[in-house]
J.: 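Structure provided below as structure tokens; questions to follow.
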Amino acid sequence: VPSASAPSPGAPAGQSVWEHFNIHRRLNCYPGHGADTAGAEGLEVHGARCAAWCWSDSQCQGFVYMRSQQKCWFRRNIHFAQCELGQQGQESSQFDMYTKKL
């Protein structure tokens, strides 16, 4: 039986998977707006699981996470200047972009 402190799949032992990502609050990068898809699209998972899966996938350079619906989209070829910045008080503010630290 795995213990509650067992590392997430793909995360180095003894470290939080979040240590391997930079967060870009309210930034939504998607096809036509600064990023390409990289596999997973709209998965309903906890954010830490999304991060662990992205970390272990070589095609995933980062992911968008929608906090309000707990949805995850893998991204690659990310260009921040072309991404959509969410507006406070609107649904667009629920998206955050996470990128792998190199």
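For this chain, numbers begin at 1 and follow the sequence in order. Computed over heavy atoms, backbone and side chain alike; hydrogens, waters and symmetry mates excluded. Please read all numbers here as calculations on a predicted model, not as lab measurements.
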J.: Any salt bridge (charged side-chain N to carboxylate O under 4.0 Å, His left out) pairs touching residues 34-44, not counting sequence neighbours?
T.: Glu41-Arg75
J.: Quick one: do Ile23 and Trp55 end up in the same hydrophobic cluster if we chain Ile, Leu, Val, Met, Phe, Trp and Tyr together by side-chain heavy atoms under 4.5 Å apart?
T.: yes
J.: From Gln94 CD over to Asn28 CG, what is the distance, rounded to the nearest 0.5 angstrom?
T.: 11.5 Å
J.: I need the minimum non-hydrogen distance between Ala38 and Asp57, along with the two atoms involved.
T.: O-OD2, 4.2 Å
J.: For Asp96, which residues count as a side chain to side chain donor-acceptor pair (under 3.5 Å) partner, sequence neighbours excluded?
T.: Arg25, Arg67
J.: Within this structure, what is the SG-CD distance for the pair Cys50 and Gln70, rounded to the nearest 0.5 Å?
T.: 11.0 Å
J.: Could you give the distance from CD (Glu84) to CD (Gln82), rounded to the nearest 0.5 Å?
T.: 13.0 Å
J.: Hey, do the aromatic rings of Phe74 and Phe63 have their centres closer than 6.0 Å?
T.: no
J.: Please round to the nearest 0.5 Å and tell me the distance separating atom CZ of Arg76 and atom OG of Ser58.
T.: 11.0 Å
J.: So, using side chain to side chain donor-acceptor pair (under 3.5 Å) as the criterion, who are the partners of Gln69 when residues are at least two apart?
T.: Lys71
J.: How many angstroms lie between atom CH2 of Trp73 and atom OG1 of Thr37, to the nearest 0.5 angstrom?
T.: 13.0 Å
J.: May I ask you to test the Lys100-Phe21 pair for a side-chain heavy-atom distance under 4.5 Å?
T.: yes
J.: Following the transitive rule for hydrophobic clusters with a side-chain heavy-atom cut-off under 4.5 Å over Ile, Leu, Val, Met, Phe, Trp and Tyr, establish whether Trp18 and Trp53 coincide in one cluster.
T.: yes
J.: Residues two or more places apart in sequence or in another chain: which of them pass ring-ring contact (aromatic ring centres under 6.0 Å, His included) with His46?
T.: none
J.: Applying side-chain contact (heavy atoms from CB on, under 4.5 Å), can you list everything that pairs with Gln87, at least two apart in sequence or on another chain?
T.: Gln90, Ser92
J.: For a 4.5 angstrom cut-off between non-hydrogen side-chain atoms, does Tyr98 reach Tyr65?
T.: yes
J.: Got a sec, which residues hit side-chain contact (heavy atoms from CB on, under 4.5 Å) with Arg26, two or more places apart in sequence or on another chain?
T.: Leu85, Gln88, Ser93
J.: What is the minimum heavy-atom distance between Gln61 and Asn77, and which atoms define it?
T.: OE1-N, 2.6 Å
J.: Applying a strict under-4.5 Å side-chain criterion to I, L, V, M, F, W and Y, I'd like to know whether Val17 and Val45 cluster together.
T.: yes
J.: Cys83-Cys29 sulfur separation below 2.5 Å?
T.: yes
J.: Look at the side-chain heavy atoms of Ile, Leu, Val, Met, Phe, Trp and Tyr, link any pair under 4.5 Å apart, and say whether Val64 and Met66 land in one connected group.
T.: yes
